[in-house]
Protein chains: 2
Amino acid sequence: VNIDIPTFADIESAAAVLAPYAVETPLIENHDLNARVGGRVLLKLETMQRTGSFKFRGAFNRISRIAPAERANGVVAFSSGNHAQGVAEAAALFSIPALIVMPKDAPAAKVEGTRARGAQVVFYDRLSEDREAIASRICSERGATLIRPFDDRYVVAGQGTVGLEIARAAAARGITLDAVLAPCSGGGLIGGIALAISHLSPATRIYCVEPENFDGMRRSLAAGARIAAPGGKLSVADALMAPVPGEIPFAIAQRLLTKTFAIKDEDLLEAVRYAARTLKVVVEPGGAAALAILISNDFKLENGCAAVVLSGGNCDVVR
Amino acid sequence: VNIDIPTFADIESAAAVLAPYAVETPLIENHDLNARVGGRVLLKLETMQRTGSFKFRGAFNRISRIAPAERANGVVAFSSGNHAQGVAEAAALFSIPALIVMPKDAPAAKVEGTRARGAQVVFYDRLSEDREAIASRICSERGATLIRPFDDRYVVAGQGTVGLEIARAAAARGITLDAVLAPCSGGGLIGGIALAISHLSPATRIYCVEPENFDGMRRSLAAGARIAAPGGKLSVADALMAPVPGEIPFAIAQRLLTKTFAIKDEDLLEAVRYAARTLKVVVEPGGAAALAILISNDFKLENGCAAVVLSGGNCDVVR
């Protein structure tokens with residue numbers, strides 16, 4: 001693994017590459033939510049990103065950096081579904097083949113979304129098989145490029161454009177952000193956001209939220225080294241079950257994160273319902289983790305202003 | 001009824017009054033939708049307006065024009081639920097009492113939303129009672145001001161700010177709009193939008209969509225005079241069942257609308273599902289009417305660019 005940490009210039013470069021293809025997603029405010037949490041919340045709707053999650057950003061940026069001569073051999077990725085769809089969509093835009101290794105229990109919406117974008121899907125058993133080994137074997141057979149979900153300079157830089165957009169939109173409205181909160185699995189999103197926000201708005205505190213028992217980032221930061229969360233019973237947040245944070249995200253997090261939170265499944269599901277009922281947004285359980293920590297009152301806003309990333313909306317709940 | 005048609009200056013004035021209170025709602029693009037309809041669609045998400053529909057705009061603007069001495073007597077409105085919540089929220093911001101006359105079959109989410117904003121709710125039977133007569137009687141008993149849902153200069157001007165935002169956001173992105181489409185019931189929204197768009201983007205064609213058998217605007221324009229649609233079986237679009245268009249909206253529509261469409265209930269429900277699944281937006285059946293006419297392929301975009309208003313998201317479908 002290359003622990004080449006992206007620079008702020010890498011994030012700006014990613015933004016330039018993405019501009020014609022990605023959605024600059026809305027940053028919206030909801031009065032009922034503000035009243036409920038006692039502060040001002042700016043919701044970054046990555047649910048409305050191309051493919052329904054932020055993952056398109058990193059995938060497209062990464063694939064854009066493959067040397068033209070190597071592109072024809074295609075790309076391979078492993079993912080429970082959001083990175084899968086991001087890679088499939090980006091590969092289709094470059095007209096190259098994509099193969100995605102997905103868990104057998106992935107939500108139907110994510111499997112359908114991946115296939116609909118022209119990618120080949122190979123299933124594995126989340127509890128008994130090693131998805132990285134399967135993906136690596138296929139890569140070497142085909143000469144294809146592995147698009148890692150988070151431990152890659154260009155993937156993290158691509159996800160960092162979420163932070164770039166948040167910081168610039170807040171500044172354009174004259175808003176000073178006290179905090180930015182985002183969900184965390186391997187840490188590509190929060191790592192990229194932390195790099196962008198710390199550069200553009202150094203006084204803003206940065207937080208991430210993981211599911212209980214899949215809180216590898218929280219445990220690793222406490223231990224001072226990357227360690228695995230206990231895992232066990234699958235979380236409703238199918239997108240947030242990486243057991244260990246990536247090397248690049250962990251190195252960034254050690255330097256830039258204020259605190260990490262672990263959240264219960266029932267709070268994730270309550271946040272999903274709240275988003276549909278009050279915000280009129282379809283968000284998947286994992287995508288709602290940062291919102292959940294606010295509405296469960298575990299994070300106290302205390303009249304401050306926070307940007308909260310709703311990172312994906314690909315779920316079978318609402319069909 | 002005062003058929004005082006608002007001017008463009010009235011819409012600008014409404015925008016100024018609303019700026020600190022309303023949400024400037026997102027205007028988003030979705031690549032899957034563009035590919036499906038063969039053109040470019042900018043979705044105006046009034047689902048994310050305060051109270052979950054565009055109705056807050058007109059209600060707040062109208063209440064802001066009540067003379068201070070009369071405000072204490074409060075306001076009364078009749079509504080199936082979106083105007084109800086808009087009036088209740090606006091009245092609460094002015095700290096004045098609100099009473100809303102609602103049909104007994106109004107969606108639970110709308111009744112709850114109205115009461116949660118502090119308004120008193122009085123029910124009536126949609127098929128056997130006259131809601132306007134009930135509201136007028138209560139108004140004269142209390143000396144309260146009736147906030148009409150569409151036949152009011154300031155209500156139409158308030159709804160017109162949707163058109164103002166669409167035109168300005170499109171211009172800021174260098175986009176020329178071939179068409180704007182919005183749902184229609186009494187016509188306050190499409191009337192206000194038509195005034196704003198025709199002023200700022202005169203070449204843009206303006207269309208509205210009504211439910212089948214509740215297509216009073218379509219029939220009235222064909223007849224050259226306001227006539228009632230047949231009605232009958234209730235539509236799934238509870239927000240779009242005004243039998244006759246308002247006088248102000250009809251006068252505007254005669255001058256500025258290119259065409260009106262009638263849409264089937266099944267196409268409205270398909271649009272609601274499409275919005276949840278693909279756009280990640282919760283939209284109510286009536287709010288999805290303009291989207292439905294596009295995805296049902298009744299409206300041909302032919303590589304053009306259209307702004308489509310998703311006018312409200314207050315439904316019991318997703319809970």
Side-chain angles (χ1 to χ4, degrees), chain A residues 20-36 42-53 56 85 89-90 92-93 107-110 112-113 116-117 169 172-173 272-284 287 310-319, chain B residues 20-36 42-53 56 85 89-90 92-93 107-110 112-113 116-117 169 172-173 272-284 287 310-319:
Chain A
Y21 299 99
V23 175
E24 185 176 335
T25 54
L27 187 68
I28 65 150
E29 212 167 336
N30 181 284
H31 293 85
D32 290 327
L33 177 59
N34 285 352
R36 175 166 176 159
L42 303 178
L43 295 160
K44 180 66 171 167
L45 301 184
E46 282 297 295
T47 50
M48 294 181 185
Q49 186 49 265
R50 199 162 185 162
T51 73
S53 91
F56 174 75
Q85 291 179 87
E89 179 92 349
L93 287 167
K110 290 179 174 174
E112 286 165 23
R117 291 174 169 86
R173 297 181 205 173
V272 168
R273 285 189 295 266
Y274 180 83
R277 210 168 346 193
T278 302
L279 309 177
K280 316 301 177 189
V281 169
V282 176
V283 61
E284 60 184 279
L310 300 188
S311 56
N314 295 315
C315 49
D316 296 342
V317 179
V318 187
R319 298 214 81 197
Chain B
Y21 300 99
V23 175
E24 184 176 337
T25 54
L27 187 67
I28 65 148
E29 213 167 337
N30 181 283
H31 293 84
D32 290 326
L33 177 60
N34 285 352
R36 174 166 176 159
L42 304 179
L43 294 160
K44 180 65 171 168
L45 300 184
E46 282 297 295
T47 50
M48 295 183 183
Q49 186 50 264
R50 199 161 184 161
T51 72
S53 91
F56 174 76
Q85 290 179 87
E89 179 92 349
L93 287 167
K110 290 180 174 175
E112 286 164 22
R117 292 174 168 85
R173 296 180 206 174
V272 167
R273 285 189 294 267
Y274 180 83
R277 209 169 346 192
T278 303
L279 309 176
K280 316 301 176 190
V281 169
V282 176
V283 61
E284 60 184 277
L310 301 188
S311 56
N314 295 314
C315 50
D316 296 342
V317 179
V318 187
R319 297 213 81 193

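The sequence lines fix the lettering, A, B, ..., with proteins before strands; numbering per chain opens at 1.
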### Task
Under the side-chain contact (heavy atoms from CB on, under 4.5 Å) rule, collect the residues that match up with B:Glu29, sequence neighbours excluded.
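With sequence neighbours excluded, B:Glu29 shows a side-chain contact (heavy atoms from CB on, under 4.5 Å) to B:Asn34, B:Arg40, B:Leu42, given in chain and number order.
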What part of [X] lies closer than 4.5 angstrom to a heavy atom of chain B: side chain, backbone, both or neither?
X        : value
A:Leu27  : neither
A:Tyr21  : backbone
A:Leu279 : backbone

Looking at [X] and [Y], what are the two nearest heavy atoms and their distance?
X        : Y        : answer
A:Lys280 : B:Thr47  : CG-O, 3.2 Å
A:Arg117 : B:Asp32  : NH2-OD2, 3.0 Å
A:Val282 : B:Ala276 : CG2-O, 3.8 Å

### Residue, of A:Glu89, A:Glu284, A:Arg50, A:Gln49, that accumulates the most heavy atom pairs under 4.5 Å with chain B
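When all of A:Glu89, A:Glu284, A:Arg50, A:Gln49 are compared, A:Arg50 has the most.
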### Message
Going by the rule side-chain hydrogen bond (donor to acceptor under 3.5 Å, both in side chains), which residues pair with A:Lys44 if we only count those two or more places apart in sequence or in a different chain?
### Response
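By the side-chain hydrogen bond (donor to acceptor under 3.5 Å, both in side chains) rule, A:Lys44 matches A:Thr25, A:Glu165.
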### Query
Between CZ of B:Arg277 and CG of A:Asn314, what distance do you get to the nearest 0.5 Å?
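Reported value, rounded in 0.5 Å steps: 12.5 Å.
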### Task
Quick one: pull up OG1 in B:Thr278 and CE in A:Met48 and give me the separation to the nearest 0.5 Å.
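Those atoms lie 12.5 Å apart.
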